[in-house]
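Here the structure is laid out as structure tokens; the discussion comes afterwards.
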There are 2 protein chains.
Amino acid sequence: MLQNHAINYTTARGHRYGGAAATTKDQSIRLKADETIYSEGEHALTIYHVEAGAVRIYRLTAAGQRYILSFYGKGEWFGLETGDIRTDFAEAVCETCVTPFRANHDAVAPIDLLHIALTNLAKAQHKQLVITEQSALKRVAAFVCEMADRHPGDCEFDMMISRSDIADYLGLTVETVARCFTKLREKRILCLNGKLQRIVRLLDRDALISLTI
Amino acid sequence: MLQNHAINYTTARGHRYGGAAATTKDQSIRLKADETIYSEGEHALTIYHVEAGAVRIYRLTAAGQRYILSFYGKGEWFGLETGDIRTDFAEAVCETCVTPFRANHDAVAPIDLLHIALTNLAKAQHKQLVITEQSALKRVAAFVCEMADRHPGDCEFDMMISRSDIADYLGLTVETVARCFTKLREKRILCLNGKLQRIVRLLDRDALISLTI
DNA sequence: CGAATTGTTGAATAGCGTCAATCAAGGTGG
DNA sequence: CCACCTTGATTGACGCTATTCAACAATTCG
């Protein structure tokens, strides 16, 4: 059902993106932490592939509240919109490298847009469950699981995401997020290291998973 | 960006769906309230177009908790999955009529699957905002707005959805939903009629919208 | 009629948000 | 080098809000 829906996309050459650094010779863009990739209201001409680092996608509510829809890590695609105008913002979380692709008939490689859209849809639906299944601890546990899934095999990894980003992603406050992390430490489920306490060492993966259910 | 992604789908003929009534001569299926269209774990071979009535899509958590991902009304498409196995359940909310379509090379009409996927993605993202921007009253107000948008022009319409369904959709309890509806009545924003109090008469649409912001 | 379903309301509780203070790490300027 | 400020994370006290548990009304169905 998902085959044969690819259309031809090609890498964008020599094009500058939203104030980001110029493309390198392999057409990828290097970004420093918090650099903007695109903003709400811009024309949506390109989709992006994350080569390294991480990207956050967010919206601003009428009240000026930031809400992070999703994070994208290495190997994932983002930037596919319903219309041709951006409805959200994309920023690098940390040192990040992305490759832009845009519609072109002289395509280098076909990209399965439907597959990307459906993957994003599945992610969005999963997040709905996480958020609705309230209890701050469950949400934070689910978030740590999501981060851990990006590092299969490793029991220690760097989340690279601030408490504030986590809060805006999970619909909580920074204080609540911090309290949940202390609870997870008290339960001997994980350790936090690094000066910003963003390096997670999983002590009891099973207990973490059972928290999210 | 959304053009040229259609693939050929055709109406499914003479096929029975998950215990639902047999297809009529125009290939559409008539369902009574609460009838199942498909269930989790089944093969996902078809997508559906709602001709009349409404459909609810839900999942069951490990704890047996029901969570309604979305409602689909007349003219909308549902049933498109990431893989080829259903990850959720589809049921008729009330008397409903849907038309199944399945992949076929001898197609009757091309269907833009990417457009459907992106529409669903946009819906899911919007719902994330509604749920996260907590405050029970805001969520209920947003829900009523969503229902009202399906009846443009009308200031009175039948939601056809139980308090329990609304609760499972918004991540609240039935009691909280009921209390929010009383608040909306007290604020003279709407009236509720019908024996099950599901018929909404909008008194102050602007006030309702301003609540959701 | 009694039983079941759906919706509403009340009282008590638990949990998250708000406000505020504190700590650690790092930067800057004298 | 030290004093000062800033940033990000943590912790405590308090209030508000949604949940929980319970009772009750209205309607339908057997």
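So you know, we letter chains A, B, ... as the sequences are listed, proteins then strands, and number each from 1.
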The criterion is side chain to side chain contact (heavy atoms under 4.5 Å, CB included); which residues satisfy it with [X], sequence neighbours excluded?
| X | result |
| --- | --- |
| A:Lys187 | A:Leu137, A:Ile189 |
| B:Arg179 | B:Glu175, B:Thr182 |
| B:Glu156 | B:Asn193, B:Ile199, B:Arg201 |

Extract all donor-acceptor atom pairs below 3.5 Å that involve side chains of residues 145-152 of chain B and protein atoms in other chains or at least two apart in sequence.
from	atom 1	to	atom 2	distance (Å)
B:Glu146	OE1	B:Tyr169	OH	2.9
B:Glu146	OE2	B:Tyr169	OH	3.1
B:Arg150	NH1	B:Glu76	OE1	2.7
B:Arg150	NH1	B:Glu76	OE2	3.4
B:Arg150	NH2	B:Phe71	O	3.2

Nucleotides bounding contact with chain B, strand DNA chain D, heavy-atom threshold 4.0 Å: D:dA18 to D:dT28
Please list every donor-acceptor pair under 3.5 Å in which a side-chain atom of residues 206-213 of chain A meets a protein atom from a residue at least two apart or in another chain.
from	atom 1	to	atom 2	distance (Å)
A:Ser210	OG	A:Asp206	O	3.4
A:Ser210	OG	A:Ala207	O	2.8
A:Thr212	OG1	A:Ile209	O	2.6

For A:Phe89, ring-ring contact (aromatic ring centres under 6.0 Å, His included) partners two or more places apart: A:Tyr58
Helical stems, DNA chain D - three or more consecutive Watson-Crick or G-U wobble pairs below 3.5 Å: C:1-30 with D:1-30
Interatomic distance where NZ belongs to A:Lys138 and C1' belongs to C:dC16 [whole Å]: 16 Å
Pairwise side-chain contact, A:Met159 with A:Gln197, heavy-atom cut-off 4.5 Å (strictly under): no
Backbone N/O of A:His115 and side chain of A:Thr119: donor-acceptor pair under 3.5 Å: yes
Heavy-atom donor-acceptor pair, B:Gln128 side chain to A:Ala124 backbone, under 3.5 Å: yes
B:Glu51-B:Thr99 side chain donor-acceptor pair, cut-off 3.5 Å: yes
A:Thr173 vs C:dG17: side-chain N/O to OP1/OP2 distance below 4.0 Å: yes
Between N or O atoms, less than 3.5 Å apart, protein on one side and nucleotides 23-27 of chain C on the other: list the pairs.
none

Touch class at under 4.0 angstrom, heavy-atom based, for B:Gly171 against every strand present: sugar-phosphate
Sugar-phosphate only, base, or nothing, as touched by A:Arg198 at under 4.0 Å among non-hydrogen atoms: sugar-phosphate
Non-neighbouring partners of A:Lys138 that pass salt bridge (charged side-chain N to carboxylate O under 4.0 Å, His left out), sequence neighbours left out: A:Glu133
Per-nucleotide protein contact string for nucleotides 8-15 of chain C (B base, S sugar-phosphate only, - none; heavy atom under 4.0 Å): SBBB----
Cation over ring face, B:Lys127 and B:Phe143, 6.0 Å, 45°: no
Qualifying residues under side chain to side chain donor-acceptor pair (under 3.5 Å), relative to B:Thr176, sequence neighbours excluded: B:Thr173
